[in-house]
2 protein chains.
Amino acid sequence: MIDAARLDATFHALADPTRRAILARLAAEGDITVMDLAEPFAMSQPAISKHLKVLEKAGLVSRGRDAQRRPVHLEAQPLAEATGWLIEYRHYWAAQFGRLDDLLDELQRLEAASGKT
Amino acid sequence: MIDAARLDATFHALADPTRRAILARLAAEGDITVMDLAEPFAMSQPAISKHLKVLEKAGLVSRGRDAQRRPVHLEAQPLAEATGWLIEYRHYWAAQFGRLDDLLDELQRLEAASGKT
DNA sequence: CATATAAATAACTTTATGGTTCTGTAACTG
DNA sequence: CAGTTACAGAACCATAAAGTTATTTATATG
């Protein structure tokens, strides 16, 4: 079994729109400082720092150092694990996407061949 | 954007090992009554009913009727939406899986062609 | 009709979440 | 060295989560 606690932390981290938006910005713009991250949100800086701590605990971000700044960096590995968990259920919804099911079958075969659980 | 509140509910529902185990059993065994579902867990029946309510609110299960039983049925559509959200991040982790990245590119093309967001 | 079974609901407890403001600290800057 | 910037941490609050036991409701069945 893929470590359950890790999946708990990952899915929990993803269950908040602010945190998903943070990940989206990191993916789109690369590393961002806390201040820059907080700017578009109607939320205090400590609130953002708390969200970052949740993301960090899930292994979804890491922190750098640039003088007094702590740039936030996307770490996508847990997203791969979460995707891997969800992919197992593809047979239950893939029908509506036509050939998607076959593709995902191939995908899973490749995952297995790459040593992924 | 795919409805944010729906993703909140789906990821939150998935962030608990008991609920993931319930989904796994439903996928493996088909519809199951609450009593049968509760049996393997070290947990009271009302606790399971609460988990089912969380899953139901996320649209991940529906309930049938068989005399005094309320069989639980897997509804996988929200899993597809969650997978769709995660797939967007494949570029950030797919490299390690070799040709997986190309496959997922094709997958996304098909999703778009099928009218999915 | 009385009882058993299946599940939901209520009431309660504990702990976690998500937000706030205020304060502290580390590093740059004039 | 004084002030500013960028952040973390503490203390607090309200609400939600996850569990419990006890009670209710609905349906079957002897």
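Proteins get letters first, then strands, A, B, ... in listed order; numbering begins at 1 in each.
- Taking atom NZ of residue B:K53 and atom P of nucleotide D:dA17, one finds them 13 Å apart after rounding to whole Å.
- The two residues A:T83 and B:I87 have their closest heavy-atom pair at CG2-CD1, 4.3 Å.
- Side chain of A:D66 to main chain of A:R69: no donor-acceptor pair is present (N/O by atom type, distance under 3.5 Å, no hydrogens or angles).
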Please test B:H73 against B:V61 for side-chain contact (heavy atoms from CB on, under 4.5 Å), starting from the C-alpha separation and ending with a verdict. CA-CA 5 Å; B:H73 178 77; B:V61 304; over 6 Å; no

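- A:Q45 contributes no side-chain N or O that forms a donor-acceptor pair with the base of D:dA6 under 3.5 Å.
- Residues B:R63 and B:E56 are in side-chain contact: their nearest non-hydrogen atoms beyond the backbone lie under 4.5 Å apart.
- Contact check on B:D8 versus A:R20 returns a salt bridge, with a Lys/Arg side-chain nitrogen under 4.0 Å from an Asp/Glu carboxylate oxygen.
- A residue-by-residue look at A:D16 and A:R69 shows that A:D16 has its nearest nucleotide of DNA chain C further toward the 5' end.
- Atom P of nucleotide D:dT4 and atom CE of A:M35 are separated by 14 Å, given to the nearest angstrom.
- In this structure, B:K57 and B:S44 both approach DNA chain D, and ranking their closest nucleotides by distance from the 5' end singles out B:K57.
- Close approach of DNA chain C to chain B, defined as any atom under 4.0 Å from a non-hydrogen atom of the protein, starts and stops at C:dT5 to C:dT9.
- The side chain of B:R19 has D:dA18 as its nearest neighbour among D:dA18, D:dA6, D:dA22.
- Distances were taken from every side-chain heavy atom of B:Q68 (C-beta onward) to each of D:dA26, D:dC7, D:dT21; the shortest belongs to D:dA26.
- The side chain of A:R63 places an N or O atom within less than 4.0 Å of a non-bridging phosphate oxygen (OP1 or OP2) of D:dA8.
- OP1 and OP2 of D:dT20 both lie 4.0 Å or more from every side-chain N or O belonging to B:K50.
- Side-chain N or O atoms of A:R65 include none that pairs as donor or acceptor with a backbone N or O of A:R70 at under 3.5 Å.
- No side-chain heavy atom of A:I32 sits under 4.5 Å from any side-chain heavy atom of A:P71.
- Atom CD in A:E56 sits roughly 13 Å away from atom C1' in D:dC7 (whole-Å rounding).
- A:T18 comes within 4.0 angstrom of nothing in the nucleic acid, heavy atoms only.
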